[in-house]
Amino acid sequence: MSIEKIVSLCKRRGFVFQSSEIYGGYGAVYDYGPLGIELKNKISQLWWKSMTQLHDNIVGLDSGILMHPKIWKASGHVDAFNDPLVDCKQCKARFRSDELVSEETSATDWSSLQCPKCGTKGSLTEPRQFNLMFKTHIGPIENESNTAYLRPETAQGIYVNYLLTQNAMRLKIPFGIAQIGKAFRNEIVARNFIFRTREFEQMEMQYFIKPENDDKSMEYWKNERYNFYSLIGIDSNKIRLTEHGPNELAHYAKEAWDIEYKFPFGWSEVEGIHNRTDFDLRMHQEHSGKKMEIFDQESNHRYLPYIIETSAGLNRMMLSVLSNAFWEDTDNNRIVMKLHPKIAPVTAVVCPLTKKDGLPEIGKAIIDILKPNFKIIYDQQGSIGKRYYRQDEAGTPFGITVDHQSKEDDTVTIRDRDTQTQERIEISNLLKVMKRKIEDYT
Ligand code: GAP
């Protein structure tokens, strides 16, 4: 299955649109349509619940996208958040040099390589470092002294607020702070649809621990985060944990693991789990001149905690969910998005069999019963088969049909998206039946 099929379905059904399409599009930025925003919200709500509600020592935060520029100096992003860039002098194509050569051959003689795009030998420039942060200016005058950055990760907003948060909530180590928000990176090579974009959302959790517990905590979070993917319906054979080699580690990390999904374009990272040690807090302590240590009442001493970070890309997670759900049911000549009902953008479509005889009224009354609990839509256009297939592509797990028998005995049929089987149930039982089916879904 190719990524193009997913791109096309996303546009057709209103999941994801290319940004600024009427102006020819805008590189590596995407907009989320009605179904896309429902899906994205449902995924992020599950993440938020699993991190904050189900862990009583993790609290939430929402920090600014713009922050004091010294933060990015201290964090190392101004000096070290770079990608190595090479250009082809012939066809002007641009590449990340680390993606052109494997680790073993990194001491490459660039002048001997062929351009992967146009094939010209010796046309590649030497790699040069390119900083990924977007710059802007605060106030009316643009100069060095008022440069600000759009945050390239949400993590720093947590670090600089961690003592205020700890005090306000009277937290004791170990504790975590979770945040969902936009991050921006001026990616050199943006590709693979919403996998790598210049504006994206991160779901990050920073877990503050005693330094000696870092290995244990890393193990715990690797398991927790890996298990999350079955909650959003990802097949276990399409998800794996891989460790970063020493040459792949980010400037702040002592140990790092990726959770990778088997995308149509190959295994790629959806989430990172990092042991950031006390690197960030130590740097902020040095640069701000403020103590970043925590006081341990038990041992009566101050220390800088270590941080285990779990950092997921919401858009990438959504792409893994979409790729996982895409099913060409060739037997029935239909495309089905087999989304887990917990995250499906729309939970049910209500269809009156005909537009008359009082059936639409019964349909609308059913929507009133269900809508406090679920996102429900109404459809009376076209043949019932076409209506079902439209919803199969949208990933809607249930089709509720009102027919003439409904008028006689207050029953409707409920159709299952995956098996296409239908059963007749009483309208008064609909809510209960749907809740049970969602809980039992595998
Ligand atoms: N705070 C740590 C951090 O930002 P990262 O591995 O650079 O670590 C974490 O990014 C996650 O953010 C990635 O696993 C990925 O899901 C997402 N991400 C990073 N860059 C992205 C981009 N350009 N487009 C979409 N998602 C991105």
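Read the numbers this way: they start at 1 and go in the same order the structure lists the ligands and their atoms.
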Of the protein's non-hydrogen atoms, which lies at the shortest distance from [atom], and what is that distance?
{"atom": "atom 25 (C) of ligand 1", "value": "F195 O, 3.1 Å"}
{"atom": "atom 19 (C) of ligand 1", "value": "R185 NH1, 3.4 Å"}
{"atom": "atom 18 (N) of ligand 1", "value": "F200 CE1, 3.5 Å"}
{"atom": "atom 24 (N) of ligand 1", "value": "T197 N, 3.0 Å"}
{"atom": "atom 15 (C) of ligand 1", "value": "R316 NH1, 3.4 Å"}
{"atom": "atom 2 (C) of ligand 1", "value": "E309 OE1, 3.1 Å"}
{"atom": "atom 17 (C) of ligand 1", "value": "G313 CA, 3.7 Å"}
{"atom": "atom 9 (C) of ligand 1", "value": "S311 OG, 3.0 Å"}

Do K238 and Y261 form a cation-pi contact, if we require the NZ or CZ to be under 6.0 Å from the six-membered ring centre and within 45 degrees of the ring's axis?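 The answer is no; the distance or angle limit is not met.
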Against heavy atoms of R276, which atoms of ligand 1 measure under 4.0 Å?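 Atoms satisfying the 4.0 Å criterion: 1 (N), 2 (C).
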With a cut-off of 4.0 Å, which atoms of ligand 1 are near a heavy atom of H274?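 In order of numbering, the contacting atoms are 2 (C), 8 (O).
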Do side-chain atoms of T52 reach the backbone of W48 as a donor and acceptor pair under 3.5 angstrom? yes
So, the side chain of E204 versus the backbone of S311: is there a donor-acceptor pair under 3.5 Å, distance only? no
Ligand 1-proximal atoms of [X], by part, heavy-atom distance under 4.0 Å:
{"X": "Q206", "answer": "neither"}
{"X": "E204", "answer": "side chain"}
{"X": "Y252", "answer": "side chain"}

Taking all atoms of both residues into account, what is the closest heavy-atom pair of R390 and Q381, and its distance? NH2-O, 3.1 Å
Can D418 and Y441 be counted as having a side-chain donor-acceptor contact under 3.5 angstrom?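 A pair is found: one side chain offers a donor N or O, the other an acceptor, under 3.5 Å apart.
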So between E271, M203, E269, Q202, whose heavy atom ends up nearest atom 13 (C) of ligand 1?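 Looking at heavy atoms only, E269 sits closest to atom 13 (C) of ligand 1.
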Run the salt-bridge test on K5 and E328 with the 4.0 Å N-O cut-off and return the result as yes or no.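 Counted as a salt bridge, because a side-chain N and a carboxylate O are separated by less than 4.0 Å.
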Does any N or O of ligand 1 fall below 3.5 Å from an N or O anywhere on V270, backbone included?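 Among all N and O atoms of V270, at least one is under 3.5 Å from an N or O of ligand 1.
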E153 versus ligand 1: do any nitrogen or oxygen atoms come within less than 3.5 Å of each other?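 By distance alone, the answer is yes.
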State, yes or no, whether a side-chain contact exists between E153 and R185 at a heavy-atom distance under 4.5 Å. yes
Using a 6.0 Å cut-off, check whether atom CD of E212 has over 12 heavy atoms from anything other than its own residue. yes
If the plane angle is over 60° it's perpendicular, under 30° parallel, otherwise tilted; pick one for F175 and F208.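 Parallel.
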Looking at Y30, F15, F17, which one forms a ring-ring contact (aromatic ring centres under 6.0 Å, His included) with F193? Y30
